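Hydrogens, waters and symmetry mates play no part in the numbers below; they use all other heavy atoms, side chains included. One is the number of the first residue; the rest follow in order along the sequence. All of these numbers come straight from a predicted model, not from anything done at the bench.
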Amino acid sequence: MTGREIKMGGWAIAVHGGAGVDPNLPNERQEEAKRLLTRCLDIGISALRSNLSAIDVVELVVRELETDPLFNSGRGSALTEKGTVEMEASIMDGPKRRCGAVSGLTTVKNPISLARLVMDKTPHSYLGFAGAEEFARKQGVELVDNEYFITEDNVGMLKLAKEANSILFDYRIPTLTTCGGGAAMENQLQMNGLPISLYAPETVGCVVVDKQGHCAAATSTGGLMNKMTGRIGDSPLIGSGTYACDLVAVSCTGEGEAIIRSTLAREVAAVMEYKGLNLHGAVDYVIKTRLDEGKAGLIAVSKNGEVACGFNTTGMFRGCATEDGFLEVGVW
């Protein structure tokens, strides 16, 4: 399933809170997610109307998503097998394809802003674990104890994951039986040939094209519930979870290993560049042909003010807005 493209002019913005939504997700939870996405869109719209650059807007919006515990980034991040949080994020500025990424963060309150500092303040593109934490201290970014990121809900979900002896993708589902119980366990999805249980990661991301036609993208996540310590997903990998150039900006969400294998975000730009597809055609093409059996979704904007989303999962938390007043927030 792919979302339709909305062709507009001027600036455009899209946000996501993860692809792969439990069909039995309570309405209250759906509405809570929609309110957060709407709030983030409003923040982005206000910033764009104030002539903030695309790169500033994507950082601003993702910081808001990281601060709210609803989705899987910053506070509210998924827990590792050891019950700790290891976060990752990346940001990319389209005009010169400048980028910054971080992994293995345990004390940085807003990983996306550290990724921005890697881009702006170092000769490198990617810092991880102890090196990234040391850089954060030197830059004077806000640090908190790891306990700040851990929520009571996630502690319970980690317990479920350990009892199932599995990586738990949709760690927001209250019980394993909500996706069919025994049937779900008998027909497990696989990642790299190994069984996993439920599927609905809730990574966050934002893509923006500003009034100057400059594109930028940002993605942030806590990863997978019960993941191996040290696991790195697609979100901090430029070209996989995040990509921006002078033509388009893309942020992905879903099965990280499939997104990595397909370099999904870069593929959108590539088929636009080399096949001459428009934004909608490119998004539709990569979702249908590049994921193999993987499950994922993405949001994208073009330099022309177009915005599109695509996903092959049950749903994707998403929202978009354009300069002429169009605004849409959806789950399914």
State the [atom1]-[atom2] distance between [X] and [Y], to the nearest 0.5 angstrom.
{"X": "L237", "Y": "L264", "atom1": "CG", "atom2": "CG", "result": "12.5 Å"}
{"X": "L143", "Y": "N110", "atom1": "CG", "atom2": "CG", "result": "11.0 Å"}
{"X": "H16", "Y": "C309", "atom1": "NE2", "atom2": "SG", "result": "11.0 Å"}
{"X": "L37", "Y": "L65", "atom1": "CG", "atom2": "CG", "result": "7.0 Å"}
{"X": "T322", "Y": "E328", "atom1": "OG1", "atom2": "CD", "result": "10.5 Å"}
{"X": "L114", "Y": "M119", "atom1": "CG", "atom2": "CE", "result": "12.0 Å"}

Student check: side-chain heavy atoms of [X] and [Y] closer than 4.5 Å:
{"X": "R231", "Y": "E86", "result": "no"}
{"X": "N146", "Y": "T107", "result": "no"}
{"X": "H280", "Y": "E306", "result": "no"}
{"X": "Y126", "Y": "V102", "result": "no"}
{"X": "V58", "Y": "V207", "result": "no"}
{"X": "V248", "Y": "K303", "result": "no"}
{"X": "V204", "Y": "V15", "result": "no"}
{"X": "V250", "Y": "I299", "result": "no"}

Check whether the side chains of [X] and [Y] place a donor and an acceptor atom closer than 3.5 Å, and report yes or no.
{"X": "T151", "Y": "D153", "answer": "no"}
{"X": "N226", "Y": "E81", "answer": "no"}
{"X": "S113", "Y": "R63", "answer": "yes"}
{"X": "S53", "Y": "H214", "answer": "no"}
{"X": "E88", "Y": "T221", "answer": "no"}
{"X": "S235", "Y": "T219", "answer": "no"}

Can you name the nearest heavy-atom pair linking [X] to [Y], along with the distance?
{"X": "A265", "Y": "Y243", "result": "CB-CB, 3.6 Å"}
{"X": "L127", "Y": "H124", "result": "CD2-CD2, 4.4 Å"}
{"X": "M87", "Y": "V108", "result": "CE-O, 3.5 Å"}
{"X": "D56", "Y": "L52", "result": "CB-CD2, 4.0 Å"}
{"X": "M157", "Y": "M225", "result": "CB-CE, 3.9 Å"}
{"X": "V283", "Y": "A308", "result": "CG2-CB, 4.2 Å"}

Are the side chain of [X] and the backbone of [Y] linked by a donor-acceptor contact shorter than 3.5 Å?
{"X": "R318", "Y": "M316", "answer": "yes"}
{"X": "N312", "Y": "A296", "answer": "yes"}
{"X": "S262", "Y": "I259", "answer": "yes"}
{"X": "T38", "Y": "K34", "answer": "yes"}
{"X": "N154", "Y": "S77", "answer": "yes"}
{"X": "K121", "Y": "R116", "answer": "no"}
{"X": "D210", "Y": "G213", "answer": "yes"}
{"X": "E323", "Y": "W11", "answer": "yes"}
{"X": "N72", "Y": "G223", "answer": "yes"}
{"X": "T122", "Y": "V118", "answer": "yes"}

**Prompt:** So C215 and V208, side chain to side chain contact (heavy atoms under 4.5 Å, CB included) or not? Walk me through it.
**Reply:** CA-CA 6 Å; C215 299; V208 166; over 6 Å; no

**Request:** With salt bridge (Lys or Arg N to Asp or Glu O under 4.0 Å) as the test, would you mind laying out the steps for E32 and R35 before giving the verdict?
**Result:** CA-CA 5 Å; E32 191 177 7; R35 286 193 295 271; 5.5 Å; no

**Prompt:** Can you check side chain to side chain contact (heavy atoms under 4.5 Å, CB included) on L70 and R29, steps first, answer last?
**Reply:** CA-CA 9 Å; L70 189 64; R29 171 73 171 84; 3.7 Å; yes

May I ask you to say whether [X] pairs ionically with [Y], meaning some side-chain N is under 4.0 Å from a carboxylate O?
{"X": "R97", "Y": "D93", "answer": "no"}
{"X": "E134", "Y": "K138", "answer": "yes"}
{"X": "D234", "Y": "R261", "answer": "no"}
{"X": "K275", "Y": "E267", "answer": "no"}
{"X": "E255", "Y": "K295", "answer": "no"}
{"X": "D120", "Y": "R98", "answer": "yes"}
{"X": "R39", "Y": "E64", "answer": "yes"}

Do [X] and [Y] belong to the same hydrophobic cluster, where Ile, Leu, Val, Met, Phe, Trp and Tyr are linked whenever their side-chain heavy atoms lie under 4.5 Å apart, directly or via other members?
{"X": "L41", "Y": "F317", "result": "yes"}
{"X": "I260", "Y": "I232", "result": "yes"}
{"X": "L117", "Y": "F129", "result": "no"}
{"X": "I45", "Y": "L60", "result": "no"}
{"X": "L291", "Y": "V286", "result": "yes"}

**Request:** Give the C-alpha distance, both sets of side-chain angles, the deciding distance and a yes or no for side-chain hydrogen bond (donor to acceptor under 3.5 Å, both in side chains) between E66 and S73.
**Result:** CA-CA 5 Å; E66 289 174 339; S73 66; 5.5 Å; no

**Message:** Is there a side chain to side chain contact (heavy atoms under 4.5 Å, CB included) between M272 and V268? Walk through the geometry before answering.
**Reply:** CA-CA 6 Å; M272 292 177 73; V268 175; 4.3 Å; yes

**Request:** In sequence, state the C-alpha distance, the side-chain angles, and the governing distance for K211 and N51, and then conclude on side chain to side chain contact (heavy atoms under 4.5 Å, CB included).
**Result:** CA-CA 7 Å; K211 291 181 179 179; N51 293 318; 3.3 Å; yes

